[in-house]
Amino acid sequence: MSQIKPIRTAQEYEQALSRMTELMDLDCSEQLENKDEIEMLGHEINEYEQRLFPIQSPHAIEAIKFRMEQLGLTETDLIPYIGSESEVAEVLNGTHKLSLYAYRKIGIGLGISADILEEIEDLIEDELDVRLVEERRVQAEIKIDIDNL
């Protein structure tokens with residue numbers, strides 16, 4: 001097994017891809033013997049690609065708009081999932097946020113991929129976690145200020 005190092009340059013990336021190709025061209029038993037190298041090299045290649053070529057998952061609203069276009073739907077068709085016509089307009093122009101429940105309901109109703117919905121839910125949950133941490137930090141600061149009075 002060769003020494004695996006972090007990939008920092010395009011040349012190192014090309015060398016890593018070349019080595020991975022060599023390893024993948026081996027027969028199964030030889031691949032098993034080199035499984036640690038394959039796994040570590042794959043991890044380093046993936047890390048480098050994520051840094052240089054990040055792939056953004058579609059934003060929730062863009063996913064909904066795209067699906068609406070595919071199905072030939074209008075804003076009015078979203079009223080059963082979101083609420084009033086004005087609420088639908090606010091959601092689609094980004095001025096009104098939806099709950100996780102609403103995203104699930106829209107996703108199921110419009111047939112949006114479960115993978116995309118999970119990514120959207122993860123993003124929303126991460127945002128909620130950040131808000132919760134910030135709220136707790138502010139509460140702790142207020143308590144400290146009160147205790148110091």
*Asks:* Ignoring hydrogens, what is the shortest heavy-atom contact between M68 and E75? Give both atom names and the distance.
*Replies:*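 Taking every non-hydrogen atom into account, CE-N, 3.8 Å.
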
*Asks:* Please say yes or no: joined through hydrophobic side-chain contacts below 4.5 Å, possibly via intermediate residues, are L41 and L32 part of one cluster?
*Replies:*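 No; tracing contacts between hydrophobic side chains, which count when under 4.5 Å, never links both residues.
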
*Asks:* Taking the side chain as every heavy atom from C-beta outward, state whether Q11 and Q15 have any atom pair closer than 4.5 Å.
*Replies:*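 In contact.
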
*Asks:* Tell me whether S18 contacts the main-chain N or O of E14 through its side chain, where contact means a donor paired with an acceptor under 3.5 Å.
*Replies:*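 No, the answer is negative, given that no donor and acceptor are paired below the 3.5 Å cut-off.
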
*Asks:* Can you name the side-chain contact (heavy atoms from CB on, under 4.5 Å) partners of E90, sequence neighbours left out?
*Replies:*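 Result, side-chain contact (heavy atoms from CB on, under 4.5 Å) vs E90: T95, H96.
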
*Asks:* Determine yes or no for a side-chain-to-main-chain donor-acceptor pair under 3.5 angstrom, with E12 supplying the side chain and R8 the backbone.
*Replies:*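 Between the backbone of R8 and the side chain of E12 there is a qualifying donor-acceptor contact (under 3.5 Å).
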
*Asks:* Looking at Y48 and T9, what are the two nearest heavy atoms and their distance?
*Replies:*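 Of all heavy-atom pairs spanning Y48 and T9, the closest is OH-C, 3.5 Å.
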
*Asks:* Donor-acceptor check, side chain of D25 to backbone of E22, threshold 3.5 angstrom: yes or no?
*Replies:*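 Side chain of D25 to backbone of E22: no pair is present.
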
*Asks:* When rounded to the nearest 0.5 angstrom, what distance separates CG in L23 from CD in E37?
*Replies:*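 Nearest 0.5 Å value for the CG-CD distance: 4.5 Å.
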
*Asks:* On a heavy-atom basis, which atom in I38 and which in M20 lie closest, and how many Å separate them?
*Replies:*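 Smallest heavy-atom distance, with atoms named: O-CE, 3.3 Å.
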
*Asks:* Working to the nearest 0.5 angstrom, can you tell me the gap between L26 CG and N34 CG?
*Replies:*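 Those atoms lie 6.0 Å apart.
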
*Asks:* Mark yes or no for whether E85, through its side chain, and T76, through its backbone, hold a donor-acceptor pair below 3.5 Å.
*Replies:*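 Pair absent, no side-chain N/O of E85 close to backbone of T76.
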
*Asks:* Are I108 and F66 grouped together when hydrophobic residues (ILVMFWY) are joined by side-chain heavy atoms under 4.5 angstrom apart?
*Replies:*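 No; F66 is not reachable from I108 via cluster members.
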
*Asks:* For E30, does the CD atom sit with more than 12 other heavy atoms under 6.0 Å from it, leaving out its own atoms?
*Replies:*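 Yes - once you tally the heavy atoms of other residues, nucleotides and ligands closer than 6.0 Å, there are more than 12.
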
*Asks:* Counting only heavy atoms from other residues, nucleotides and ligands, does the tally under 6.0 Å from CD of E39 exceed 12?
*Replies:*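 No - once you tally the heavy atoms of other residues, nucleotides and ligands closer than 6.0 Å, there are 12 at most.
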
*Asks:* Y81 and K105: which non-hydrogen atoms are nearest, and at how many Å?
*Replies:*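 The answer is CD2-O, 3.7 Å.
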
*Asks:* Which atom names give the shortest non-hydrogen contact between L110 and L71, and what distance separates them?
*Replies:*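 For L110 and L71, the tightest heavy-atom pair comes out as O-CD1, 3.7 Å.
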
*Asks:* Would a 4.5 Å heavy-atom cut-off, applied to side chains only, mark L92 and I82 as touching?
*Replies:*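 L92 does not reach I82 side chain to side chain.
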
*Asks:* How close do A16 and I7 get, counting heavy atoms only, and between which atoms?
*Replies:*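 Answer, listing the atom of A16 first, then I7: CB-CD1, 3.5 Å.
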
*Asks:* To the nearest 0.5 Å, what is the distance between OG on S86 and CD1 on I79?
*Replies:*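 Taking OG in S86 and CD1 in I79, the distance rounds to 9.0 Å.
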
